[in-house]
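Okay, structure first, notes after.
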Amino acid sequence: MPTLPPEPETHRYRDVAESFGTDAERYDRARPRYPDAMVARILAASPGSDVLDVGCGTGIVARQFQAAGCRVLGVEVDARMAELARQSGLEVDVSPFEAWDPAGREFDAVVAGQAWHWVDPVAGAAMAARVLRPGGRLAVFWNAAQPPPELTEAYAAVYRRVLPDLPFNPWSMTAMDAYSAMYAKAADGMRQAGGFGEPEQWLFEWDHRYTRDAWLDQLPTFGGHGKLPPDQLDALLAGVGAAIDAVGGGFTMHYTTVVGTAVSAGTRGDS
């Protein structure tokens, strides 16, 4: 689903970006992983295995790259998320990426999973260009989730009823429309920052089966949901849960992982 609040200026909502650590354990448990094929393609198209994970959160992406044989450093704005990542053995610097001090460190790939929309797209790309080795790769990606049509309609109705003043219903457009807009903004940032070749979009399609309980476990981790009053969040959970019950207690989510990527041209962006 699209992240709340919507494009175009999500990176300005720093309070939302810094709210995910309210329940870091749930985030780590419930959020989906990324296709192994994506990890393999990023590494195959990078000059080495030193990886910087921007907005690493609890370490979901970083652990996948570690499992593929990489050395990974995380940068995370939320100290609570970073602490949970460290508990699994990851090295994490706590800082907004735009203001992070790389201390002379360089990387073969800079990656960001479900996080780049919280980063200023030009300043973030400039920092990535600064720390990438020549030929290194910036790859930012999102899981665009699309439930079956009957559930998309039911979820939209629940959000309209429970959150009538919400300026944007997250189920009112397809996830691919929302994340394609995020890709376009990221690509424009790479072009404006300089130091990169022309950005490319890669797509990876996959499915995941959710039970009612598994989906309700994940729902509070979406952007902005952690800041809802408890009565509204409870009403959302109840309404969405009833919709899943009505289709048999589970459903198959179709995911498209959208990747925006570009190669360092060997020149440094402004820091």
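- In this structure the side chain of Ile42 reaches within 4.5 angstrom of the side chain of Phe65, judged on heavy atoms.
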Checklist entry - Can you check side chain to side chain contact (heavy atoms under 4.5 Å, CB included) on Tyr183 and Lys185, steps first, answer last? => result CA-CA 5 Å; Tyr183 161 77; Lys185 194 167 188 67; over 6 Å; no
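- Hydrophobic side-chain contacts under 4.5 Å tie Val122 to no other Ile, Leu, Val, Met, Phe, Trp or Tyr residue.
- For the pair Val259/Val140, no side-chain contact is recorded, criterion being any heavy-atom separation below 4.5 Å from C-beta on.
- Ion pairing of Arg29 with Asp217 is present here, as a side-chain N (NZ or NE/NH1/NH2) and a carboxylate O approach within less than 4.0 Å.
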Next on the checklist: Please determine whether side-chain hydrogen bond (donor to acceptor under 3.5 Å, both in side chains) holds for the pair Asp177 and Ser180, giving the CA-CA distance in whole Å, both sets of side-chain angles, and the decisive distance to 0.1 Å.
Outcome noted: CA-CA 5 Å; Asp177 286 343; Ser180 291; 5.7 Å; no
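- Nearest heavy atom pair, residue Arg137 against residue Ser46, reads CB-OG, 3.6 Å.
- Between Tyr155 and Asn169 the shortest side-chain heavy-atom distance does not fall below 4.5 Å.
- Among the candidates Val110, Val75, Val111, Leu73, the single residue satisfying the side chain to side chain contact (heavy atoms under 4.5 Å, CB included) test with Asp53 is Val111.
- Sorted by first then second residue, the side-chain hydrogen bond (donor to acceptor under 3.5 Å, both in side chains) pairs that include residues 237-256, not counting sequence neighbours, are Glu205-His254, Glu205-Thr256, Asp207-His254, Arg209-Thr252, Tyr210-Tyr255, Arg212-Asp245.
- Arg33 pairs by the salt bridge (charged side-chain N to carboxylate O under 4.0 Å, His left out) definition with nothing, not counting sequence neighbours.
- Side-chain atoms of Pro147 and Trp171, non-hydrogen and from C-beta on, do get closer than 4.5 Å to each other.
- Closest non-hydrogen pair, Ser95 versus Trp100, comes out as OG-CA, 3.3 Å.
- Trp202 and Phe141 have their aromatic ring centers separated by at least 6.0 angstrom.
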